[in-house]
**Q** 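Provided herewith is a single structure, encoded as structure tokens, for subsequent inquiry.
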Amino acid sequence: MIKPDEGALLETMSNVLKSRDLAVILDMSPDAVNDLARRGIIKGYKSGNQWRFRRKDVEKFLGKGQKKMAPPG
């Protein structure tokens with residue numbers, strides 16, 4: 001679910017986020033973000049030995065969480 005402050009953070013971020021940047025948005029550790037990427041829960045790619053995340057993929061991931069929390073109907 002996207003919190004109001006998450007949306008504001010996403011708006012100010014570049015199109016490619018590092019694990020540390022995404023960790024701030026998701027309020028979790030960079031290691032936890034990397035684990036989500038390794039498990040394929042959030043789409044990312046490796047640049048050298050660092051995970052990177054496209055902004056559109058992060059927005060899609062956050063939107064999925066919001067849909068799961070929405071009441072039926």
Side-chain angles (χ1 to χ4, degrees):
M1 178 188 286
I2 298 177
K3 299 176 195 168
D5 54 327
E6 287 175 347
L9 279 172
L10 263 177
E11 291 300 317
T12 61
M13 296 284 181
S14 67
N15 286 329
V16 177
L17 305 173
K18 297 178 183 178
S19 297
R20 187 178 336 141
D21 301 328
L22 186 53
V24 169
I25 293 168
L26 298 178
D27 192 30
M28 57 176 54
S29 73
D31 289 338
V33 170
N34 292 341
D35 187 53
L36 291 175
R38 272 192 298 275
R39 293 171 30 204
I41 295 172
I42 186 167
K43 190 174 178 182
Y45 65 95
K46 293 281 275 223
S47 176
N49 64 350
Q50 304 284 321
W51 280 98
R52 299 289 186 258
F53 305 90
R54 289 182 181 89
R55 182 174 160 176
K56 66 180 182 176
D57 294 330
V58 172
E59 289 171 341
K60 188 182 292 186
F61 172 76
L62 292 172
K64 282 184 183 177
Q66 189 174 20
K67 288 178 186 171
K68 288 180 185 174
M69 301 298 289

**Q** Between Ser47 (side chain only) and Gln50 (backbone N and O only), is there a donor and an acceptor less than 3.5 Å apart?
**A** no
**Q** Any link between Val58 and Ile41 through a network of hydrophobic side chains (Ile, Leu, Val, Met, Phe, Trp, Tyr) touching at under 4.5 Å?
**A** yes
**Q** If you compare all heavy atoms of Leu62 against all heavy atoms of Leu26, which two are closest, and at what distance to 0.1 Å?
**A** CD2-CD2, 3.4 Å
**Q** A quick test of your reading: do over 12 heavy atoms of other residues, nucleotides or ligands sit less than 6.0 Å from CZ of Arg38?
**A** yes
**Q** Got more than 12 heavy atoms from elsewhere within 6.0 Å of NZ, Lys46?
**A** yes
**Q** Between CG of Asp35 and CD1 of Ile42, what distance do you get to the nearest 0.5 Å?
**A** 12.0 Å
**Q** In sequence, state the C-alpha distance, the side-chain angles, and the governing distance for Leu36 and Trp51, and then conclude on side-chain contact (heavy atoms from CB on, under 4.5 Å).
**A** CA-CA 11 Å; Leu36 291 175; Trp51 280 98; over 6 Å; no
**Q** Test side-chain contact (heavy atoms from CB on, under 4.5 Å) on Lys56 and Lys60 and set out the steps.
**A** CA-CA 6 Å; Lys56 66 180 182 176; Lys60 188 182 292 186; over 6 Å; no
**Q** Give the minimum heavy-atom separation between Phe53 and Ser19, together with the two atoms involved.
**A** CE1-OG, 3.6 Å
**Q** From Arg55 CZ over to Ile25 CD1, what is the distance, rounded to the nearest 0.5 angstrom?
**A** 9.0 Å
**Q** Quick check: closest heavy atoms across Ala23 and Ser29, and the distance to 0.1 Å?
**A** CB-C, 3.7 Å
